[in-house]
Amino acid sequence: MKADAPGAVLKRERVRDFILDLVESQHPGDPIPSERALCAQLGVSRPTLRAAVDELVAAGLLVREHGRGMFVAPEKITQELVSGEQTMTAPQASGAWSSRLLEFTTIPAGARVGRRLRLSPAAEIVYVARLRLVDGAPMAIEHLHIRADLVPTLSAQELEAGDLYEHLREQHGVHVQEAVQAIEPTVVTKAEAELLDVPELSPALLFERLTSDTTGQPVEYVHSVYRGDRYRIVSRLTLGPAVAAPSAPLGHHPGIPPGDFAHRDTIASSTRGDIQSRA
């Protein structure tokens with residue numbers, strides 16, 4: 001793995017992270033620099049910068065005002081779902097899941113990802129972009145940021161075949177225990193639409209997840225875009241005394257690869273993803 005000149009996917013990701021860092025460091029209604037200023041500061045083309053801005057506008061994080069510029073959007077209303085025991089488990093989604101690697105490199109964490117992983121911005125992380133497929137059809141795009149010191153020998157084969165969390169546990173001694181995950185609606189960009197084989201601006205689901213190990217140390221930060229026409233979320237809430245239920249076969253958690261969670265651990269916030277085909 002080498003931190004060579006960034007590819008197209010990584011370049012968009014870095015621009016997006018930089019703008020998100022600006023948004024998170026300011027207040028609703030605050031202005032952000034113009035596209036021209038951001039292009040000069042980041043050393044990217046106007047189309048690359050505009051694609052990242054368009055994505056954040058569509059996600060409701062930025063607001064464009066004609067003749068005035070761009071501003072941090074009003075805060076979103078957040079509703080937390082919890083069961084009576086303050087935890088929920090994640091059933092598996094159906095279908096045969098596989099992965100196609102888009103990018104795999106080692107880069108500095110940067111300010112935003114570094115804060116999430118409790119790392120210095122200069123600390124190295126493994127950045128992975130991969131296309132997730134179900135029964136051969138594109139279903140999601142995942143962007144993984146994993147602490148490089150935990151997986152010095154992580155290979156492309158581990159990212160394309162088998163269960164990533166199982167590989168982390170068995171090959172690298174990393175045992176994940178808890179994930180905090182947020183899910184919200186979004187739309188796909190032109191680049192995402194081409195990978196997912198859907199029209200540009202199609203509805204999608206954005207998953208953001210921070211995974212920690214058994215000591216509470218952050219292991220990975222992931223954000224994923226799932227097709228809205230093929231994916232839905234069902235929350236199972238416990239409203240009464242728990243009743244023992246037969247164990248389900250292992251499969252794929254929505255936004256969470258199967259692994260330690262599927263075997264014995266608890267997920268702080270979870271959902272169920274069902275694959276659907278529209279007639």
Side-chain angles (χ1 to χ4, degrees), residues 5-80 102-103 107 110-116 121 127 129 131 138 140-143 145 181-209 221-233 255 278:
V9 176
L10 178 56
K11 184 178 291 186
R12 289 193 299 270
E13 177 75 0
R14 300 300 277 180
V15 171
R16 176 183 179 275
D17 276 353
F18 181 88
I19 300 175
L20 275 174
D21 194 45
L22 283 178
V23 170
E24 292 175 357
S25 66
Q26 301 190 64
H27 299 93
D30 286 349
I32 70 168
S34 67
E35 289 186 0
R36 178 179 299 177
L38 288 172
C39 285
Q41 184 174 356
L42 297 173
V44 298
S45 66
R46 183 66 70 89
T48 297
L49 189 284
R50 185 162 292 168
V53 170
D54 288 346
E55 178 183 348
L56 298 178
V57 169
L61 297 174
L62 286 178
V63 174
R64 274 198 183 104
E65 293 189 13
H66 183 68
R68 295 191 61 213
M70 296 180 292
F71 301 85
V72 178
E75 292 183 357
K76 294 184 178 182
I77 298 174
T78 301
Q79 180 178 359
E80 183 178 7
L102 303 175
E103 299 225 16
I107 59 174
R112 182 169 178 270
V113 174
R115 282 199 301 271
R116 282 159 171 74
Y127 169 74
L131 182 65
I141 302 168
E142 289 184 343
H143 301 269
H145 309 77
Q181 179 165 273
I183 308 167
E184 60 183 274
T186 187
V187 295
V188 299
T189 64
K190 181 178 180 180
E192 291 168 342
E194 292 175 355
L195 288 170
L196 294 174
D197 194 24
V198 296
E200 185 178 357
L201 301 181
S202 293
L205 293 171
L206 173 64
F207 289 79
E208 283 195 277
R209 180 178 76 255
Y221 166 64
V222 183
H223 69 87
S224 311
V225 176
Y226 280 70
R227 286 177 55 167
D229 63 331
R230 295 287 310 279
Y231 215 79
R232 69 169 181 163
I233 302 301
R278 297 261 178 107

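Not measured: the values here are computed from a predicted model.
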What's the verdict on side-chain contact (heavy atoms from CB on, under 4.5 Å) for E55 and E192, showing C-alpha distance, side-chain angles and the deciding distance?
CA-CA 10 Å; E55 178 183 348; E192 291 168 342; 4.1 Å; yes
Within the 3.5 Å criterion, strictly below it, is a donor on H145 or E13 matched to an acceptor on the partner's side chain?
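Yes, a side-chain donor-acceptor pair sits under 3.5 Å.
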Side chain proximity check, [X] to [Y], heavy atoms < 4.5 angstrom:
| X | Y | answer |
| --- | --- | --- |
| E65 | M70 | no |
| Y127 | V9 | yes |
| E208 | V222 | no |
| L102 | L195 | yes |
| V57 | V63 | no |
| V188 | L201 | no |
| L42 | F18 | yes |

For the side chain of E103 and the backbone of L10, is there at least one donor-acceptor N/O pair under 3.5 Å apart?
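Here the side-chain-to-backbone pair exists.
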Donor-acceptor check, side chain of S202 to backbone of V198, threshold 3.5 angstrom: yes or no?
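A pair under 3.5 Å: no.
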Are E24 and R116 within salt-bridge range, i.e. N to O under 4.0 Å?
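A salt bridge is present here (some side-chain N lies under 4.0 Å from a carboxylate O).
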Of all heavy-atom pairs between [X] and [Y], which one has the smallest distance, and what is that distance?
| X | Y | value |
| --- | --- | --- |
| A111 | P121 | N-CB, 4.0 Å |
| V15 | A52 | CG1-CB, 3.6 Å |
| C39 | R46 | SG-CA, 3.6 Å |
| R14 | I107 | NH1-CD1, 3.4 Å |
| A73 | L62 | CB-N, 3.8 Å |
| E75 | P28 | CG-CG, 3.6 Å |

Show your reasoning for whether side-chain contact (heavy atoms from CB on, under 4.5 Å) applies to V53 and R64.
CA-CA 9 Å; V53 170; R64 274 198 183 104; 3.3 Å; yes
Which residues pass the side-chain contact (heavy atoms from CB on, under 4.5 Å) test with D30, not counting sequence neighbours?
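D30 satisfies side-chain contact (heavy atoms from CB on, under 4.5 Å) with Q26, H27, V72 only.
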Going from [atom1] on [X] to [atom2] on [Y], what distance comes out if it is rounded to the nearest 0.5 angstrom?
| X | Y | atom1 | atom2 | answer |
| --- | --- | --- | --- | --- |
| R12 | T48 | CZ | OG1 | 8.0 Å |
| L22 | L38 | CG | CG | 6.5 Å |
| Y226 | I183 | OH | CD1 | 9.5 Å |

Which of these passes side-chain hydrogen bond (donor to acceptor under 3.5 Å, both in side chains) with Y221: R112, H143, R115?
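Of the listed residues R112, H143, R115, the side-chain hydrogen bond (donor to acceptor under 3.5 Å, both in side chains) partner of Y221 is R112.
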Give the C-alpha distance, both sets of side-chain angles, the deciding distance and a yes or no for side-chain contact (heavy atoms from CB on, under 4.5 Å) between D54 and T189.
CA-CA 8 Å; D54 288 346; T189 64; over 6 Å; no
After noting the C-alpha distance and the side-chain angles of F207 and H223, does the key distance pass the side-chain contact (heavy atoms from CB on, under 4.5 Å) rule?
CA-CA 5 Å; F207 289 79; H223 69 87; over 6 Å; no
